[in-house]
**Student:** 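What follows is a structure written as C-alpha cells; I'll ask about it next.
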Amino acid sequence: MCDFFNTTKALSKRTIWTAVGRKPPARLSMRLFSSANTPLFPTALLSPFTQSAGVPHLREGDVPPQGGRPGWAAPPDPRIGPWLRLLKKLAQSHNLVPEFEITLEGTHHGPITIKPTMFLEIGSTDEYWKRQDAAKVIALLVWEGLGLGGGAAVGNWGREDERNKVLLGIGGGHYAPRHMDIVMKEGVWVGHLLSGYSLPMEDPSQSKENGNTDCIGGTWRQSIKVAIEATKSAFPGGDVLAHLDHKSFKGWQKNAITAYLGELSIKIGKPNDFI
C-alpha cells in the first residue's frame, strides 16, 4: 500500500493507531521538517514508514520521538495536493496500483519547523522498504515534481494561482477518505487535515441545551486555530475554506465547530467549491 500524507503532528491531542488483523501494508508518504536557520524554501525528505499498533498519547510536557510540541503545527507544503495526484499517476503507470494504495494522512506529528516540508515515505515493513519499484516511483516523483528533468515544477503556489481556494480538512479518520476524494481532483490545494482524534471535545449537557460552545471543553479550538494559521502562512493570499467530514461528528460537535469557524471568519466549503 502506498501512502502519501500531509503530517505535522504536534497538535494537542492523542494519536490513535488501530491494530489490523493482517500484515502491515506498504506505504509511500509525505511530511514536514526544517532548520530554522535556513531560507524558507519547501523541503522534501525521503523516509521509511512503520505502521504501529496501540494507543500512544501526546500530552502537555511529553517529548514525542518524532518531534513537535502540543498545540502547535508547522506550515503544510503547498505541493502536497499536486504531488499526491502526480504520485498516483506514476504509481499507476508503473503497475503499483492496486497493490499499493495512494492516501493522505491527517496531521499528527512534528518535527518543529518554520518552513513547509514534506516527507516522502515508503512503508511499512522491511519487505516493502526494499522494493525497487516503489523507490523508483518516489524518485520520479521528486524528479518530475521539482522539474529537474527540464519540465515545469509541479505545485508551486503563486505560479499556479488561478484557483486560490485551499482545503482545510476537519474530521474523519486518519486516512481522511472524504477529504481525499476532493484533493484528488485536478487543481485542488490542500493544507492541514485534522482527524477526529485531533479534536478532543468534552460534552457537558448544558452546552448542547443552550448552544453555548464556550462550555465545550477540550483542545479542539486550539487544534483548529493553529491549523488555520499554519495553512494561511503556507498559502499567502489563499482563500482557506474548511471541509467537514459531517458524518464523523455528532450534531452538537458539528454545531460547535461550525460556530467556532464562524468566529474565525472561515467559511465551510462544499466539494464543488474547491474545484
Side-chain angles (χ1 to χ4, degrees), residues 1-33 47-59 62 64-68 70-74 76-77 80-81 83-84 87-88 98 100-111 118-125 128 167-184 188 190-201 218-220 222-224 226-227 230-231 242-250 253-254 257:
M1 183 160 125
C2 290
D3 181 32
F4 173 111
F5 51 84
N6 163 19
T7 56
T8 52
K9 173 183 179 181
L11 299 178
S12 181
K13 47 80 182 124
R14 59 183 60 178
T15 302
I16 301 176
W17 293 92
T18 303
V20 294
R22 59 183 174 83
K23 181 174 65 176
R27 303 188 179 279
L28 302 176
S29 61
M30 299 175 58
R31 302 190 190 177
L32 307 176
F33 171 83
S47 170
F49 167 77
T50 301
Q51 185 182 54
S52 304
V55 187
H57 291 228
L58 177 60
R59 295 194 177 97
D62 288 352
Q66 296 89 354
W72 173 90
D77 193 316
I80 288 173
W83 280 35
L84 171 68
L87 175 60
K88 184 174 182 179
F100 284 71
E101 181 182 1
I102 312 300
T103 71
L104 287 168
E105 259 192 66
T107 297
H108 64 290
H109 70 68
M118 299 182 291
F119 280 65
L120 308 178
E121 299 190 355
I122 298 176
S124 55
T125 66
Y128 292 109
L167 183 149
L168 175 80
I170 299 179
H174 187 63
Y175 295 101
R178 289 190 173 85
H179 306 312
M180 253 204 67
D181 286 344
I182 300 174
V183 178
M184 279 296 189
V188 176
V190 59
H192 279 291
L193 301 175
L194 299 180
S195 299
Y197 59 69
S198 295
L199 302 165
M201 303 177 76
T219 56
W220 60 279
Q222 184 179 20
S223 294
I224 292 173
V226 298
T231 298
H243 179 257
L244 272 59
D245 185 335
H246 293 280
K247 293 183 178 180
S248 69
F249 294 114
K250 296 178 180 178
Q253 292 175 314
K254 184 165 63 175
I257 290 171

**Student:** Using a 3.5 Å distance criterion without hydrogens, assess whether the side chain of Thr231 forms a donor-acceptor pair with backbone atoms of His192.
**Tutor:** yes
**Student:** Please name the pair of heavy atoms, one in Ser195 and one in Gly173, separated by the smallest distance, quoted to 0.1 Å.
**Tutor:** OG-O, 2.9 Å
**Student:** Restricting to non-hydrogen atoms, name the atom on Ala74 and the atom on Ala230 that form the minimum distance, rounded to 0.1 Å.
**Tutor:** O-CB, 3.5 Å
**Student:** Where the side chain of Thr107 meets the backbone of Leu194, is there a donor-acceptor pair that is under 3.5 Å apart?
**Tutor:** no
**Student:** Quick one: do Phe249 and Leu199 satisfy side chain to side chain contact (heavy atoms under 4.5 Å, CB included)? Show the steps, please.
**Tutor:** CA-CA 11 Å; Phe249 294 114; Leu199 302 165; 4.0 Å; yes
**Student:** Evaluate the side-chain proximity of Val190 to Ile182: yes if any heavy-atom separation is below 4.5 Å, no if none is.
**Tutor:** no
**Student:** Is the side chain of His179 donor-acceptor paired with the backbone N or O of Gly171 at a distance under 3.5 Å, no angle test?
**Tutor:** yes
**Student:** I need the minimum non-hydrogen distance between Pro76 and Gly191, along with the two atoms involved.
**Tutor:** CG-CA, 3.8 Å
**Student:** To the nearest 0.5 Å, what is the distance between NZ (Lys254) and NZ (Lys247)?
**Tutor:** 10.5 Å
**Student:** Supply the atom-to-atom distance His243 NE2 to Asp181 CG, rounded to the nearest 0.5 angstrom.
**Tutor:** 8.5 Å
**Student:** Between Asp245 and Ser248, what is the shortest heavy-atom contact and its length?
**Tutor:** O-OG, 2.7 Å
**Student:** Tell me every residue that passes side-chain contact (heavy atoms from CB on, under 4.5 Å) with Lys88, counting only those two or more places apart in sequence or in another chain.
**Tutor:** Gln92, Ile102, Met184
**Student:** Nearest 0.5 Å, what's the CG-CZ distance between Leu193 and Arg178?
**Tutor:** 14.0 Å
**Student:** Please report the C-alpha distance between Ile80 and Val183 in whole Å, then the side-chain angles of each, then the deciding distance to 0.1 Å, and finally whether the side chain to side chain contact (heavy atoms under 4.5 Å, CB included) criterion is met.
**Tutor:** CA-CA 9 Å; Ile80 288 173; Val183 178; 6.0 Å; no
**Student:** Say whether, by atom type as modelled, one donor and one acceptor occur between the side chain of Gln222 and the main chain of Thr219 under 3.5 angstrom.
**Tutor:** no
